[in-house]
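Contents: one structure, followed by commentary.
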Amino acid sequence: MLGGGGEGGWLNDQRKIGLGLTACGLLFGIIGMVLFFDRGLIAMGNLLFLAGLSTTIGFSNTIQFFMRRKNRKGSLFYLGGCAIVIYGWTVFGLVLEAYGFWLLFCEFFPTALQFFRQVPILGKFLDLPIIKMIINRVAPMGGLPTTENKRY
């Protein structure tokens, strides 16, 4: 039993399906990039990723996440990149998507890195001096800069 039991557990069946859809979306996106930026696979990966996110945290929470004031810029770049990939400019759309993804999830990266550092084999890889130097520049343990607009 993974989720702590019952329907009220953290990892209920709906969240398992959502995480599976999200993982398939990421896999389709990676395969699409490996196969010379195949537009169809990347577009399918985007749809699966968004469907998985909606299934995992709920539709209304997904809408709230993308519409938060501090996430609007990232949402615009990510969803605009998805639309441009579907339109046919795959590389340009992926660049916009990557920037939007960074803006949306940059505050989560230090937490994810801390988790990955505790995984036995991956932790040793992340502790290599060159990898550690790169990671500390990109995602220092003190946190990443916030994406909120500061008014002076």
Side-chain angles (χ1 to χ4, degrees), residues 3 10-119 122-123 125-128 130-152:
W10 180 83
L11 200 57
N12 59 23
D13 288 341
Q14 180 177 349
R15 289 194 174 133
K16 288 178 189 176
I17 292 169
L19 290 173
L21 286 171
T22 303
C24 286
L26 293 173
L27 182 67
F28 270 63
I30 290 169
I31 291 172
M33 285 183 263
V34 168
L35 294 176
F36 303 110
F37 297 100
D38 182 38
R39 179 177 66 164
L41 286 174
I42 293 172
M44 183 62 87
N46 290 336
L47 292 174
L48 286 171
F49 178 79
L50 291 173
L53 186 64
S54 296
T55 306
T56 302
I57 66 173
F59 184 74
S60 62
N61 287 338
T62 303
I63 297 297
Q64 287 175 359
F65 174 76
F66 281 106
M67 297 307 281
R68 280 188 202 144
R69 185 170 182 83
K70 70 175 191 168
N71 290 348
R72 286 185 184 160
K73 183 178 177 183
S75 300
L76 182 68
F77 275 100
Y78 181 75
L79 297 173
C82 290
I84 289 174
V85 165
I86 291 171
Y87 182 72
W89 295 347
T90 310
V91 176
F92 183 64
L94 279 175
V95 170
L96 290 179
E97 279 183 43
Y99 181 64
F101 191 84
W102 174 261
L103 291 176
L104 286 170
F105 297 106
C106 69
E107 294 173 357
F108 176 69
F109 288 146
T111 305
L113 282 173
Q114 185 63 28
F115 171 76
F116 290 140
R117 284 183 173 139
Q118 295 175 0
V119 175
L122 193 55
F125 174 74
L126 292 175
D127 281 338
L128 293 172
I130 187 80
I131 303 296
K132 196 175 217 177
M133 182 183 71
I134 293 169
I135 288 174
N136 286 337
R137 281 181 175 248
V138 173
M141 289 309 295
L144 295 171
T146 61
T147 58
E148 295 180 34
N149 293 334
K150 295 181 180 173
R151 297 178 192 206
Y152 296 103

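The structure displayed is predicted, hence computed values, not measured ones.
Atoms CG and NZ, from L113 and K132 in turn, are 12.0 Å apart once rounded to the nearest 0.5 Å. To the nearest 0.5 angstrom, L126 atom CG is 4.5 Å from L122 atom CG. How far CG of L104 is from NZ of K73: 11.5 Å, rounded to the nearest 0.5 Å. To the nearest 0.5 Å, atoms CG (L21) and CG (L53) are separated by 11.0 Å. Separating the CG atom in L27 from the CD1 atom in I31 is a distance of 4.0 Å, to the nearest 0.5 Å.
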Under 3.5 Å, side-chain donor or acceptor atoms of residues 75-89 against the rest of the protein: list the pairs with distances, not counting sequence neighbours.
{"unit_1": "S75", "atom_1": "OG", "unit_2": "F66", "atom_2": "O", "d": "2.7"}
{"unit_1": "S75", "atom_1": "OG", "unit_2": "N71", "atom_2": "O", "d": "2.8"}

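Taking each heavy atom of R39 and T90 in turn, the nearest pair found is CB-OG1, 3.7 Å. Heavy atoms only, all atoms of each residue included: R15 and L11 are closest at CB-CD1, 4.3 Å. The shortest heavy-atom contact between E107 and K70 is OE1-NZ, 2.9 Å. The two residues L48 and G25 make their nearest non-hydrogen contact at CB-CA, 3.5 Å.
Side-chain atoms of L41 and M44, non-hydrogen and from C-beta on, never get closer than 4.5 Å to each other. Using a 4.5 Å heavy-atom cutoff, the side chains of F109 and W102 are in contact. L47 places none of its side-chain heavy atoms less than 4.5 Å from the side chain of F28.
The backbone N or O of G123 sits nowhere less than 3.5 Å from a side-chain atom of Q118 that would complete a donor-acceptor pair.
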